[in-house]
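Counting from 1, the numbers follow the sequence of the chain as shown. Bear in mind that the values here come from a model prediction, so they are computed numbers and not experimental data.
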Amino acid sequence: MDSKARSTSLQTLLSYDDIEPLCTWQREDAQDVLVIHLPVVLSKCLSSLHVQEFKKEQLRVQISNAGLLKISGEKDADGKKRTRFLKEVKVTKHYDSNNIRAKFSQGCLRITLPKIVVSQPSMAEIPLAVVTPSLQNGRSDSINTNEKTYIPNIKKRVVHVLKSKTFTRVVVNVGFASVVAFSVYTAYKYWTLYVKTD
């Protein structure tokens with residue numbers, strides 16, 4: 001009971017300054033870097049002014065199973081006041097959440113989020129046995145597995161083409177041209193059937 005009263009009185013004595021640090025993104029092909037610029041806090045202690053910066057031990061970077069990256073920090077500003085911040089970032093499926101790294105230096109916390117690289121197999125990665133005519137015992141239908149030919153994975157290429165923006169634009173333009181052509185044809189037929197010209 002005494003410890004509860006002490007913690008309640010301690011919480012009432014402490015006050016918090018919530019800050020919103022400047023956050024910038026550095027986008028790259030292989031990774032994105034979130035840079036959090038932590039401010040320098042000036043505190044007045046008795047008759048002098050003290051410069052207080054965040055230290056590495058006062059920062060926390062955590063990622064949950066749901067893919068929420070939580071960055072927080074808390075430090076003493078003076079005897080009764082504390083400075084803190086909280087930043088949450090949703091880590092999408094495009095990032096490798098197992099290899100997220102954080103580095104703190106010169107008042108900046110740099111969180112590196114590596115991207116998952118999905119490589120499409122090249123033509124050289126897909127081996128295929130070739131049927132070559134060779135006369136063995138008078139038969140020409142044997143399979144020669146010593147020679148290999150490489151062909152692209154057609155299904156993946158078709159899916160890639162179907163998902164591309166260019167394909168979508170072509171389909172929309174062809175559809176629009178078809179509607180216009182049908183409308184012109186219908187107007188022409190109507191004009192020739194019902195409108196008599198003398």
Side-chain angles (χ1 to χ4, degrees), residues 3-4 7-8 10-43 50-126 152-176:
S3 64
K4 283 185 181 180
S7 68
T8 306
L10 184 62
Q11 287 176 351
T12 57
L13 292 176
L14 288 178
S15 65
Y16 289 96
D17 247 351
D18 290 326
I19 60 170
E20 184 67 33
L22 173 67
C23 299
T24 58
W25 284 95
Q26 295 174 351
R27 307 283 184 184
E28 299 172 11
D29 289 337
Q31 65 189 15
D32 289 338
V33 179
L34 174 63
V35 181
I36 301 175
H37 304 272
L38 298 172
V40 175
V41 178
L42 299 174
S43 65
H50 291 287
V51 176
Q52 294 181 341
E53 295 180 342
F54 277 94
K55 295 179 182 151
K56 183 178 179 179
E57 300 80 33
Q58 298 166 330
L59 304 173
R60 285 184 93 174
V61 178
Q62 300 171 310
I63 187 161
S64 69
N65 290 337
L68 187 65
L69 184 66
K70 185 177 175 182
I71 306 123
S72 61
E74 184 176 321
K75 68 181 185 78
D76 283 330
D78 57 31
K80 293 182 180 179
K81 202 165 205 159
R82 296 182 68 82
T83 302
R84 65 183 177 184
F85 74 93
L86 174 66
K87 177 79 176 166
E88 293 180 334
V89 177
K90 177 71 176 154
V91 178
T92 63
K93 63 181 179 180
H94 305 317
Y95 295 112
D96 183 3
S97 60
N98 294 327
N99 290 320
I100 294 175
R101 301 286 178 251
K103 182 179 180 183
F104 181 67
S105 67
Q106 299 177 352
C108 289
L109 178 62
R110 298 175 56 86
I111 300 166
T112 304
L113 297 106
K115 294 179 182 176
I116 294 175
V117 180
V118 179
S119 62
Q120 295 182 353
S122 66
M123 292 178 69
E125 295 175 350
I126 308 169
N153 188 339
I154 294 172
K155 185 176 181 182
K156 285 185 179 180
R157 291 190 68 183
V158 168
V159 168
H160 178 71
V161 168
L162 291 177
K163 288 183 178 180
S164 71
K165 289 182 180 180
T166 306
F167 179 77
T168 305
R169 289 180 188 144
V170 168
V171 168
V172 168
N173 289 335
V174 168
F176 180 76

### Query
Quick one: CD1 on Ile36 to CZ on Arg110, what's the gap to the nearest 0.5 Å?
11.5 Å
### Query
Distance from Leu59 atom CG to Ile111 atom CD1, nearest 0.5 Å?
9.0 Å
### Message
With side chain to side chain donor-acceptor pair (under 3.5 Å) as the rule and sequence neighbours excluded, what pairs involving residues 96-108 come up?
### Response
Asp96-Asn99
#### Entry: Backbone of Glu28 reached by a side-chain donor or acceptor of Lys115 within 3.5 Å
yes
### Task
Show the numbers, then the answer: is there a salt bridge (Lys or Arg N to Asp or Glu O under 4.0 Å) between Arg84 and Asp18?
CA-CA 5 Å; Arg84 65 183 177 184; Asp18 290 326; 2.6 Å; yes
### Task
Nearest 0.5 Å please: distance from the CG atom of Asn173 over to the OG1 atom of Thr168.
11.0 Å
### Query
Run the side chain to side chain contact (heavy atoms under 4.5 Å, CB included) check on Leu113 and Trp25 step by step: do they pass?
CA-CA 11 Å; Leu113 297 106; Trp25 284 95; 3.7 Å; yes
#### Entry: Closest non-hydrogen atom pair between Cys108 and His37, with its separation
SG-ND1, 3.3 Å
### Summary
Asp32 and Arg27 have their tightest heavy-atom pair at OD2-NH1, 3.0 Å
### Query
What is the distance from atom CD1 of Ile100 to atom CD1 of Ile63, rounded to the nearest 0.5 Å?
3.5 Å
### Summary
Interatomic distance, CG@Leu69 vs CD@Glu88, rounded to 0.5 Å, equals 9.0 Å
### Task
Taking ring-ring contact (aromatic ring centres under 6.0 Å, His included) as the test, write out the residues that go with Phe85, two or more places apart.
Phe54
### Message
Using the side chain to side chain contact (heavy atoms under 4.5 Å, CB included) criterion, which residues pair with Lys55? Sequence neighbours excluded.
### Response
Glu57, Gln58
### Message
Would you say that Glu53 contacts Leu38 through its side chain, given a criterion of any heavy-atom pair below 4.5 Å between the two side chains?
### Response
no
### Task
Measure the CD-OG1 distance between Gln26 and Thr112 for me, rounded to the nearest 0.5 Å.
9.0 Å
